[in-house]
Visitor: 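Here's a structure for you.
Values in this document were obtained by computation on a predicted structure and should not be read as measured data. Just the heavy atoms: all of them, side chains too, but no hydrogens, waters or symmetry mates, feed the values below.
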Amino acid sequence: MGKGKLKASGIRRQASGVRHQASGVRHQVEEETNKRTKNKIMKKELKTGNKFILTGLLLIVSSFCAFTQNAVTLEAALKIAEDNSPAMKRTRLNLVRSQENLNAQNAALKSQFSLSLNPIGYNQNREFNDLISEWNSTRTTESYGTFTIAQPIKWTDAVISLNNRFGYKDSYSEYTDKTTKGFSNRLSLSLDQPLFTYNRTKLQLKELQLALENAQLNYAIQLLSLEKTVAQAFYAVYQQQQNLDIARQAYDNMLKSYEISKNKADAGLVAREEIFQAELNLASSKSDYENSQVSFENAKDEFKVLIGMSLYDDLVVLPNIAVDTVQVDISFAIDQGLKNRMELRQSQISIETAQFDLIQTKALNEFKGSLGLSVGLFGDNENFGDVYESPTDNESVALSLTIPLWDWGERKSRIKATEANIESVNISYEEEQNNIILGVRQVYRNLLNLQNQIDIAKQNVKNAQLTYDLNLERYKNGDLTGMDLSIYQDQLSQKQLSYTNSLISYKLELLNLKIQTLYDFENKVPVTPVTTLEEK
């Protein structure tokens, strides 16, 4: 009996040893498996860590560059563009040209002083003299100068001139066999007055004044157009800047969700496929972030070219997109547009210029005249001091008339063509008025619609953020997959972009309303963009 118990006890001890040995083998296998698994995980972590390090370095470099960037507001960008934009430079040169042409014409209406000199002149000639009916040889040496003061009169298109001709002559005649020497001086005051025609001086001056005003209007219109273009490009850069920030935020969120998936996978709480999906989501988010960086840099370069900024200067835009709803009275806006729009004044200038063309056309083959009056003194003597010892009065009156007889209908046809052009310009003026009214009405409707879109987009962002936060908790608790969470992240990003775009669209439409009416409804002040060269 004792031997049987001892034998059974030995068998149990042997079985226990076998089980213990098997357990050790299992433990050894598990350790080796865990080592291999840990090696794979460490390799993946190393790769992922390298990605994180590279991304961190990229963020650090980006942050460092941000400190060296030039912060540009919309107002500063407009100032840079006004000074450096090629289009504004050309428009400014056209304004300078018109201003200088008017200055030259005004200077031409002042007294003109001139002096012409002929220091020495010699002439020897033989010709038939009708007075004595013989051939006669003459030999003359002379020196003279003429001083003239001419004063145009713009009220009558006349010219008053004061002339003084002083000279010395030494002349020999074969017929008289005599040499005449002496000084002479001719002083005269003359008037040349056109008759029975239009005042060309006043018309030319008025044309140059209208040309300058038109150039000023063109400059102002170009400046407003530049403001709109720069604002659009400025906010385009801001949109790309926001896209980059949103992409960075999405990438940060994906990093967090990847960490959650990795920890769950390491703890054996989720399937390995979940970590693969998390890695895919992270890689996709990183790609979107890098694409946003490229788009942002391209938008900045295009903006710098537009405003005339050096491509080697970096910048970051600082917009003010805070939106306060602006109440617009549509009747007041239309009245301001019809009252202030510079295109209407340009149409009026075109009408006035066409009227000038009609005046000039009617002067074709016209009946006209010219009246010339002159009074003066002439004196001569061998001695310089005795030139006016025996002066002689010189007077002259001349009236000339130009009488057209037959022009074969040329004048009549040209007048009809010019009148047709005037009628066409008047139609363009009425059409411009209708376009202004139409433009203001459309902008007004767009503003009302955009106000609603801003409210909707703002609420959508709030809802999308709450939805993402709730689903992030579900994801942490294992009730949601990484693919589903990525969908909610994309939804949040899209709603944020939509809200930003709606704010920008409203700001641009407010700017468009200011351009359409030349009235700033945000500050409730009129806009006066027309400036002169002295104000620049």
Visitor: Please step through salt bridge (Lys or Arg N to Asp or Glu O under 4.0 Å) for the pair Arg139 and Glu174, ending with a clear verdict.
Guide: CA-CA 9 Å; Arg139 184 174 62 250; Glu174 180 186 12; over 6 Å; no
Visitor: Test Asn446 against every option in Arg441, Gln451, Glu509 by the side-chain hydrogen bond (donor to acceptor under 3.5 Å, both in side chains) rule and name the one that passes.
Guide: Glu509
Visitor: Can you find a pair of side-chain heavy atoms, one from Gln240 and one from Asn243, that are under 4.5 Å apart?
Guide: yes
Visitor: If we ignore angles and hydrogens, is there a donor and acceptor under 3.5 Å between the side chains of Thr517 and Gln336?
Guide: no
Visitor: Return yes if some donor-acceptor pair links the side-chain N/O of Thr91 with the main-chain N/O of Ala87 below 3.5 Å, else return no.
Guide: yes
Visitor: Compare all side-chain heavy atoms of Phe183 with those of Asn383 and state whether any distance is below 4.5 angstrom.
Guide: no
Visitor: Do Tyr175 and Asn129 meet the criterion of a side-chain donor-acceptor pair at a distance under 3.5 Å?
Guide: no
Visitor: Going by atom types only, do Ser171 and Thr180 share a side-chain donor-acceptor pair under 3.5 Å?
Guide: no
Visitor: I want to check a possible cation-pi pair here: Arg186 against Phe166, using under 6.0 Å from ring centre and within 45° of the ring axis as the test.
Guide: no
Visitor: Minimum heavy-atom separation for Leu513 to Phe521, with atom names?
Guide: CD2-CD1, 3.5 Å
Visitor: How about Asn523 and Asp520: does a side-chain donor come under 3.5 Å of a side-chain acceptor?
Guide: yes
Visitor: Under a 3.5 Å threshold, yes or no: a donor from one side chain and an acceptor from the other, between Arg445 and Gln442?
Guide: no
Visitor: Have a look at Val440 and tell me which of Asn435, Ile334, Val328 forms a side chain to side chain contact (heavy atoms under 4.5 Å, CB included) with it.
Guide: Ile334
Visitor: Less than 3.5 Å apart, any donor N or O on the side chain of Asp357 or Asn421 sitting next to an acceptor on the other?
Guide: no
Visitor: Treating Asn199 as the side-chain partner and Lys154 as the backbone partner, does any N or O pair qualify as donor plus acceptor under 3.5 Å?
Guide: yes
Visitor: Within the distance-only criterion (no hydrogens, no angle test), does the side chain of Ser502 pair as donor or acceptor with the backbone N or O of Tyr499 below 3.5 angstrom?
Guide: yes
Visitor: Do the side chain of Ser498 and the main chain of Gln494 share a donor and acceptor less than 3.5 angstrom apart?
Guide: yes
Visitor: Could you tell me whether Glu522 and Lys514 have a side-chain N and a carboxylate O separated by less than 4.0 Å?
Guide: no
Visitor: Apply side chain to side chain contact (heavy atoms under 4.5 Å, CB included) to residues Val230 and Ile307 and explain how you reach the verdict.
Guide: CA-CA 7 Å; Val230 170; Ile307 66 176; 4.1 Å; yes
Visitor: Quiz question: by atom type and distance under 3.5 Å, do the side chains of Gln433 and Arg341 form a donor-acceptor pair?
Guide: no
Visitor: Going by atom types only, do Asn501 and Gln239 share a side-chain donor-acceptor pair under 3.5 Å?
Guide: yes
Visitor: Looking at Lys416 and Glu419, is any side-chain nitrogen of the basic one under 4.0 Å from a carboxylate oxygen of the acidic one?
Guide: no
Visitor: We want to know whether Ser190 and Ser161 form a side-chain donor-acceptor pair, criterion being a heavy-atom distance below 3.5 angstrom.
Guide: yes
Visitor: On a heavy-atom basis, which atom in Leu344 and which in Tyr429 lie closest, and how many Å separate them?
Guide: O-CE1, 3.6 Å
Visitor: Measure from the side-chain N and O atoms of Ser292 to the backbone N and O of Ala247, and report whether any donor-acceptor pair falls under 3.5 Å.
Guide: no
Visitor: Which pair of heavy atoms, one from Tyr198 and one from Ala363, lies closest together, and at what distance?
Guide: CE2-CB, 3.3 Å
Visitor: Any donor and acceptor pair, going by atom type alone, linking the side chain of Gln204 with main-chain N or O of Lys202 inside 3.5 Å?
Guide: no
Visitor: Are the side chains of Leu205 and Leu109 in contact, using a 4.5 Å heavy-atom criterion?
Guide: yes
Visitor: Answer whether the closest heavy-atom distance between the side chains of Leu358 and Lys362 falls below 4.5 Å.
Guide: yes
Visitor: Sub-3.5 Å donor-acceptor pair from the side chain of Asp386 to the main-chain atoms of Glu389, do we have one?
Guide: no
Visitor: If you define the side chain from C-beta out and look only at heavy atoms, does anything of Lys300 sit under 4.5 Å from Asp314?
Guide: yes
Visitor: State whether Arg411 and Glu366 are salt-bridged, where the test is any N-O pair (Lys NZ or Arg NE/NH1/NH2 against Asp/Glu carboxylate O) under 4.0 Å.
Guide: no
Visitor: Could you go through Val425 and Thr353, starting from their C-alpha distance and side-chain angles, then the distance that decides it, and tell me whether this counts as side chain to side chain contact (heavy atoms under 4.5 Å, CB included)?
Guide: CA-CA 10 Å; Val425 174; Thr353 303; over 6 Å; no
Visitor: Give a yes-or-no answer on whether the side chains of Asn381 and Tyr388 include a donor-acceptor pair shorter than 3.5 Å.
Guide: no
Visitor: When you look at Leu226 and Ser85, which way does the side chain to side chain contact (heavy atoms under 4.5 Å, CB included) test go after all the steps?
Guide: CA-CA 9 Å; Leu226 180 70; Ser85 171; 4.0 Å; yes
Visitor: Hey, are Gln99 and Asn103 close enough side-chain-wise for a donor-acceptor pair under 3.5 Å?
Guide: yes
Visitor: Of the non-hydrogen atoms in Gly145 and Leu117, which two are nearest, and what is the gap between them?
Guide: CA-CD2, 3.9 Å
Visitor: Determine whether the side chains of Glu142 and Tyr168 contain a donor N or O and an acceptor N or O closer than 3.5 Å.
Guide: no
Visitor: So how far is it from Leu224 CG to Thr229 OG1, rounded to the nearest 0.5 Å?
Guide: 10.5 Å
Visitor: Of all the heavy-atom pairs spanning Gly369 and Leu401, show the shortest one and how long it is.
Guide: CA-CD2, 3.9 Å
Visitor: Check this for me, if you would: do Lys169 and Asp380 make a salt bridge, where the nitrogen-to-carboxylate-oxygen distance has to be below 4.0 angstrom?
Guide: no
Visitor: How far does CD of Gln105 sit from CG of Leu212, to the nearest 0.5 angstrom?
Guide: 13.0 Å
Visitor: Could you tell me whether Lys304 and Asp301 have a side-chain N and a carboxylate O separated by less than 4.0 Å?
Guide: yes
Visitor: Look up atom CD in Glu432 and atom CD in Glu343, then write down how far apart they are to the nearest 0.5 Å.
Guide: 5.5 Å
Visitor: Classify the side-chain pair Gln193/Thr156 by whether it contains a donor and acceptor separated by less than 3.5 Å.
Guide: yes
Visitor: Which heavy-atom pair separates Asp177 from Tyr172 by the least distance, and what is that distance?
Guide: OD1-OH, 2.9 Å
Visitor: Between Lys89 and Asp83, does the side chain to side chain contact (heavy atoms under 4.5 Å, CB included) criterion hold? Intermediate values first, please.
Guide: CA-CA 7 Å; Lys89 287 181 178 179; Asp83 295 336; over 6 Å; no
Visitor: Closer than 3.5 angstrom, by distance alone: can the side chain of Asn512 be matched with the main-chain N or O of Leu508 as a donor-acceptor pair?
Guide: no
Visitor: If we ignore angles and hydrogens, is there a donor and acceptor under 3.5 Å between the side chains of Thr148 and Asn163?
Guide: yes
Visitor: Looking only at side chains, do Asn214 and Gln346 share a donor and an acceptor under 3.5 Å apart?
Guide: yes
Visitor: Are the side chains of Leu497 and Ile246 in contact, using a 4.5 Å heavy-atom criterion?
Guide: yes
Visitor: Assess the side chains of Glu82 and Tyr219: does a donor N or O sit below 3.5 Å from an acceptor N or O?
Guide: yes
Visitor: Once you round to the nearest 0.5 Å, how far does NZ of Lys524 lie from CD of Gln327?
Guide: 8.5 Å
Visitor: Are the side chains of Val159 and Gln151 in contact, using a 4.5 Å heavy-atom criterion?
Guide: no
Visitor: Report yes or no: does Asp157 contribute a side-chain atom to a donor-acceptor pair with the main-chain N or O of Arg200 at less than 3.5 Å?
Guide: yes
Visitor: Within the 4.5 Å heavy-atom criterion, are Thr138 and Gln124 side-chain neighbours or not?
Guide: no
Visitor: Without hydrogens or angle criteria, can the side chains of Tyr144 and Asn118 be said to hold a donor-acceptor pair below 3.5 Å?
Guide: yes
